Protein chains: 2
Amino acid sequence: MTYTIMDVAKKANVSKATVSRVLNNQGGYSEKTKKKVLEVIQELEYHPSAIARGLTNKRTHTIGVLVPNLTSSLITEFLNEIEAVAHKVGSSVIVCHTESRGIKTMKYLQLLREKRIDGLILAGTMFKKEYYDYIEKMGIPIVLLSTYPVHPVPYVTASDYDAAYTAAKYLIQKGHNKIGMISGNKEEWIAGSHLPRVEGFKDALSDYKISVNENHIVYGSFSYDDGMTGLKHLIKQVPDLTAIFTENDTLGIGVLSAAYHLGIKVPEDISVIGMDNINLCEVVTPPLTSVSLSHSEMAEKAANMMFEMIESKKVAKSCILPHKIVERQSVCSR
Amino acid sequence: MTYTIMDVAKKANVSKATVSRVLNNQGGYSEKTKKKVLEVIQELEYHPSAIARGLTNKRTHTIGVLVPNLTSSLITEFLNEIEAVAHKVGSSVIVCHTESRGIKTMKYLQLLREKRIDGLILAGTMFKKEYYDYIEKMGIPIVLLSTYPVHPVPYVTASDYDAAYTAAKYLIQKGHNKIGMISGNKEEWIAGSHLPRVEGFKDALSDYKISVNENHIVYGSFSYDDGMTGLKHLIKQVPDLTAIFTENDTLGIGVLSAAYHLGIKVPEDISVIGMDNINLCEVVTPPLTSVSLSHSEMAEKAANMMFEMIESKKVAKSCILPHKIVERQSVCSR
DNA sequence: TTGTACGCGTTATCAT
DNA sequence: ATGATAACGCGTACAA
């Protein structure tokens, strides 16, 4: 049995208005009635309905988080942080797995709109105009997390360009000059869109007068397998290759695995540096050197921004977080 | 601007009842008015409020999923499947990260109760009496996913006991007779509760007349680190050890990593078999042999059970899914 | 086929 | 300090 505020009111011999006041600590009642009301609440195990409350309040204390997958440790790291912040402020999060598919994303946006969520975080997704327009109409705050801000909304991210530049520069300074890259943005590459990590990589190489052309770059998706096939393609295309920068750690770990099977020694034969610094880096053999983009801080920051925006109804200021190289044992000097 | 059903009704020159009927395909209106209403809905971009609807319907089309963490690939696999099923039936899922802490769990249960969720899935959590009692009172369907059913509610799981037995038997049949185990249930072990995987392991060994005592088993938590320290302890306690069964793959991967650092060859010096068959098994070096518990099937099944229960208002029948060994390269014969 | 009126469980605004 | 009452947005039994 689930009781209503009216049940409590009757049993406590007060009006439901008074019960509501006690419930929300609004004052305007005697200590005695407060005590009585609380007693009855205890006795009846009364639990106010967030649904009814949401109807009048126009606040559901629920946010949506759109993610392209639920298996990458990067995304789950995001989810982890966002959930923590949300729970701290008494909100809950609805996970929306878009599978990077526009249709499913739009369907989710519609669902979230009907559910009257307070705000929305887009994590690691492509931010299509279609989404932007729709969210604009929803009239709720949105924050982009590690998502390229092609439309004017608050975001928190790292500079992919800078981080890739740093990674390439690191390899160069270790004495490498035949360097390949494995990128994960096949579709976007085909679509000819802007690929910051690829750009950063290329620019670093040309800034240091090292030859680089499209042969040095392999485009795939983001999985281990792509890392594995990526390595095979790369050593074919660039025979005297000594180092590889992979767009993310998953690809890098795939490279490690393929190298093992091919009898290629890392880092003696080929050095590998990844990006994102996921937990796994420490565990694989050899431990993977990686560029850390402080993802957990990003996610926490994004979540906090979200709730500030909900609270204040002002748009927050975007920010770009720093990155740093975490040295392990997959890179050596030449 | 967000319109209400009344706005639509006025603009279409009908009553809101009619709009509601059209909205829910209930029939009882002319084609002409249907068309008119749909036009206005389009024009106004009207989106019905799931909140208001939930108030009368007593259905929120939202379920809660309680998980002990968000980083293990096992749990995110669960989440992945559950989300997929939920989305298919038009529901959304609220993720509740309990951190295995009773207080946070209870707080979440209260939150979910106020949000009037339709049902609850407990995944990979310990199912305390406190939770059971509370959920009982909530009066909503619950399904246990890979959670030991210490209280009478529907569940779907694998037989941990059998799977552990199979793993140990596999090692024995490969000729091993000095076998250790690394368990992850430190607290539960201390609490003296039932540990099916440990039991299965022990029973297999004694059934095959192989000596086993508490020295052969190391208890820790579920992290890589525990796997690493576990190996160190084990080789100290059982000097002529030739094989290890780890309660899950994460621990197994930790063992692999520690072995690498200690100069122990896997599988030549020590064979390792894990459990859960997570994706990583294929990627680590050497690829980890593991007992697959068909987790994704479990999660899908659990989710389907959940929505059937919500629909039918009957309790579903529990089920235990089969397991199988996935052979890779971390175990060799003696 | 369509409309009226009430209920769902809260909060907020007046009164008292 | 407390109560009555009107929203909030939707579904629905009942009436027309």
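Note that the coordinates shown come from a computational prediction; the quantities given were computed from them, not determined experimentally.
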Rounded interatomic separation in angstrom, taking [atom1] from [X] and [atom2] from [N]:
{"X": "B:Arg59", "N": "C:dC8", "atom1": "CZ", "atom2": "C1'", "value": "17 Å"}
{"X": "B:Asn57", "N": "C:dG9", "atom1": "CG", "atom2": "C1'", "value": "14 Å"}
{"X": "B:Arg21", "N": "C:dT4", "atom1": "CZ", "atom2": "C1'", "value": "11 Å"}
{"X": "A:Lys35", "N": "D:dA1", "atom1": "NZ", "atom2": "C1'", "value": "18 Å"}
{"X": "B:Asn25", "N": "D:dG11", "atom1": "CG", "atom2": "P", "value": "12 Å"}
{"X": "A:Lys10", "N": "D:dA4", "atom1": "NZ", "atom2": "C1'", "value": "15 Å"}

Mapping B:Ser30 and A:Val19 onto DNA chain C by nearest heavy atom, which one lands closer to the 5' end?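 Closest to the 5' end, via its nearest nucleotide, is B:Ser30.
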Using the 3.5 Å cut-off, write out each protein N or O paired with an N or O of nucleotides 7-10 of chain D and the distance between them.
from	atom 1	to	atom 2	distance (Å)
D:dC8	O3'	A:Lys58	NZ	3.4
D:dG9	OP1	A:Lys58	NZ	3.1
D:dC10	OP1	B:Tyr46	OH	2.6
D:dC10	OP1	B:Ser49	N	3.1
D:dC10	OP2	B:Ile5	N	2.3
D:dC10	N4	B:Lys16	NZ	2.7

Under 4.0 Å between a side-chain nitrogen and a carboxylate oxygen: does that hold for B:Lys11 and B:Glu43?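 Counted as a salt bridge, because a side-chain N and a carboxylate O are separated by less than 4.0 Å.
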Please check this pair: side chain of A:Ser318 against backbone of A:Tyr155, looking for a donor-acceptor N/O pair closer than 3.5 Å.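 Yes.
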What side-chain donor-acceptor pairs closer than 3.5 Å can you find for residues 82-90 of chain A, not counting sequence neighbours?
from	atom 1	to	atom 2	distance (Å)
A:Glu83	OE2	B:His97	N	3.2
A:Glu83	OE2	B:Tyr108	OH	2.5

Pick base, sugar-phosphate or nothing for B:Asp7, based on heavy-atom distances below 4.0 Å to the nucleic acid.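 If one applies the 4.0 Å heavy-atom cut-off, B:Asp7 turns out to touch nothing in the nucleic acid.
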Within the structure shown, what part of the strands sits under 4.0 Å from A:Val14 by heavy-atom distance: base, sugar-phosphate, or nothing?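 Since only primed, P, OP1 and OP2 atoms lie under 4.0 Å of A:Val14, the category is sugar-phosphate.
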At under 4.0 Å, does any side-chain N or O of B:Thr18 touch on OP1 or OP2 of C:dG3?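 Affirmative; the distance criterion is met.
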Do any side-chain nitrogens or oxygens of B:Thr33 fall under 4.0 Å of OP1 or OP2 in C:dT2?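 Answer yes for this pair, as a side-chain N or O of B:Thr33 is under 4.0 Å from OP1 or OP2.
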Report yes or no: do B:Ser30 and B:Thr33 form a side-chain donor-acceptor pair below 3.5 Å?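 Yes - a donor-acceptor pair under 3.5 Å links their side chains.
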Decide whether A:Thr60 and B:Lys115 meet the rule of one side-chain donor and one side-chain acceptor closer than 3.5 Å.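 There is no such pair between these side chains.
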Output all residues satisfying side chain to side chain donor-acceptor pair (under 3.5 Å) with B:Asn25, sequence neighbours left out; order by chain, then residue number.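 Scan of B:Asn25 (side chain to side chain donor-acceptor pair (under 3.5 Å), adjacent residues dropped) gives none.
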Spatial distance of atom CE (B:Met106) from atom CG (B:Leu111) [nearest 0.5 Å]: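 Here the interatomic distance stands at 12.5 Å.
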